[in-house]
Novice: 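Supplied in structure tokens, the structure appears directly below.
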Amino acid sequence: MFDKERGLYVAHCENGALSIVGKMANRHGLIAGATGTGKTVTLQVIAESFCQAGVPCFMADMKGDLSGISQAGKMSGFIEKRLPEFGIENPEFQPCPVRFFDVYGEQGHPMRATVSQMGPQLLSRLLGLNETQDGVLNIVFRVADERGLLILDLKDLRSMLDYVSQHAKEYTSQYGNVSSASVGAIQRALLQLEAQGADKFFGEPSFDIFDLMQTEGGKGIMNVLAADKLMMQPKLYSTFLLWLLSELYSTLPEVGDLPLPKLVFFFDEAHMLFNDTSKALLDKIEQVIRLIRSKGVGIYFITQSPTDIPDSILGQLGNRVQHALRAYTPKDQKAVKTAADTFRPNPAFKTDEAIMNLETGEALVSFLDEKGAPNMVERAKILFPLSQIGAITEGQRLDIIKQSRIYGKYDQMVDRESAYEILMKETAENVPEVSESEEEPEKEEKKKPGIMSKVWKAVLTAITSTFAALLGTWASDKVSGKKTKSRKSAKERVVKNATSAATRTITKELTRDILGNLIK
């Protein structure tokens, strides 16, 4: 809870309250601990404190548990037992103003970004491209900029890839080789991304980050991202949050150290941000985290172990809450020692031993003091939240979404003219028209019978002629009453003559066509 004298009250130890100093809240933080040790509740308690101080927050809800922050909490036996420990008599249970968001638009307001906003570097990471493919993607973006073509959604990007591939010779001398194999690999990666539902994320209207930085009734609005489905696509999840951080960094003005931050950003499952990350992108992440505090934004990473965070970034996290870790393997023991070494030692206990013996709801806590120096680590109990612990019903969620001031702002996707439409129009205009004079020869050619049709025609004519001749002979014999022997010899002559005529016709047609093809 927030108190002007105490600051952002989070935990309590033998020496009294442990609070985050308001003007040091933008120096970032870390909440770590094994599964089931209370990280989510600690996140909820810290977020509530910022809310009461009028600071909006953004947080990812992995299991739906954080949605309870929208409802007032209730007294329980556990809370009643711990009240004396915190010096609280009558807690005022209260909800926080909440907005629900969802990249897929199913459990909250949709959050979209255009492909251009994402940029080639983040998109390359999302698609898992190699260095060569990444180079081709950069060429595509460069060509689109030069031609003034907007790449808003995935079909725009597909069209640009197809266009650059077809005009590869024109761009090779200026930008480098554009191989069809690389373009094909990118197209396949886009197909996989679409199958994951990313086509719902890329498009317009794109999300306005200032919608995250609002208050209601003097309290900061808690922006909760439904991430249970998004978590199934780790790269999309981490790249989306990284894009959001980059947007905050590039859009917000410099403000220096404020009495309280403008926004606090909680990054749950933070290890995903650094998995399969190139050196160039890792440098960018480090730069954003180091400089974004001067924009009035604090970032708090939530993960199992401090070893999940690169050292260059871990050193920038001043406010720390470490829940219990288990050391069953040599690797676990190393993680415990690393976690212990990140704290300023307390002579009252051994930090590494304390980490392994913490109970649920207990943590080792060290916040920055007024001058920005880390306080000595304390073994403390985390305050209980004043809002509901656990998920809300679908009906409650839907009511909150409909009552939001931004309800309807992002619901309908807009598809304005962009690269896809312009390139399709150009393709249609460049298709050559066929004149009537050009069509006539084709029709004439179709009318001309082929050589096999001529052969069959000759055969049919011969059969017809033979049948007619035989019929005539038979009729003549009936009338004249000739003997069988003479009638038989007449029939043989007719068949022989008809066969010879057919053979001559077929030979004639074959010879004519062969000579005609040789002359051509």
Novice: Does Lys219 come within less than 4.0 Å of Glu48, counting only side-chain N to carboxylate O?
Specialist: no

Novice: Excluding sequence neighbours, so at least two apart, what forms ring pair (Phe, Tyr, Trp, His ring centres under 6.0 Å) with Phe274?
Specialist: none

Novice: Does the side chain of Val115 come within less than 4.5 Å of Asp156's, by heavy atoms?
Specialist: no

Novice: Measure centre to centre between the rings of Tyr300 and Phe267, then say whether the value is under 6.0 Å.
Specialist: no

Novice: Is the NZ or CZ atom of Arg397 positioned over Phe100's six-membered ring, under 6.0 angstrom from the centre and within 45° of the axis?
Specialist: yes

Novice: Just to verify, what does Lys279 make a salt bridge (charged side-chain N to carboxylate O under 4.0 Å, His left out) with, not counting sequence neighbours?
Specialist: Asp283

Novice: Report the residues that fulfil salt bridge (charged side-chain N to carboxylate O under 4.0 Å, His left out) with Asp211, sequence neighbours left out, ordered by chain and then residue number.
Specialist: Lys409

Novice: Using side-chain heavy atoms (C-beta onward) and a distance below 4.5 Å, is Val183 in contact with Gln187?
Specialist: yes

Novice: Any side-chain heavy-atom pair from Ile401 and Asp399 closer than 4.5 angstrom?
Specialist: no

Novice: Are Tyr410 and Phe207 close enough, and set up right, to give a ring-ring contact (aromatic ring centres under 6.0 Å, His included), and what steps lead you there?
Specialist: CA-CA 8 Å; Tyr410 300 106; Phe207 186 71; 5.3 Å; yes

Novice: Does either side chain, that of Ser387 or that of Gln44, offer a donor lying less than 3.5 Å from an acceptor on the other one?
Specialist: yes

Novice: Given Asp257, which of Arg293, Lys23, Lys262 fulfils the salt bridge (charged side-chain N to carboxylate O under 4.0 Å, His left out) condition?
Specialist: Arg293

Novice: Regarding Lys200 and the six-membered ring of Tyr104, is the cationic atom NZ or CZ under 6.0 Å from the ring centre and inside 45° of its axis?
Specialist: no

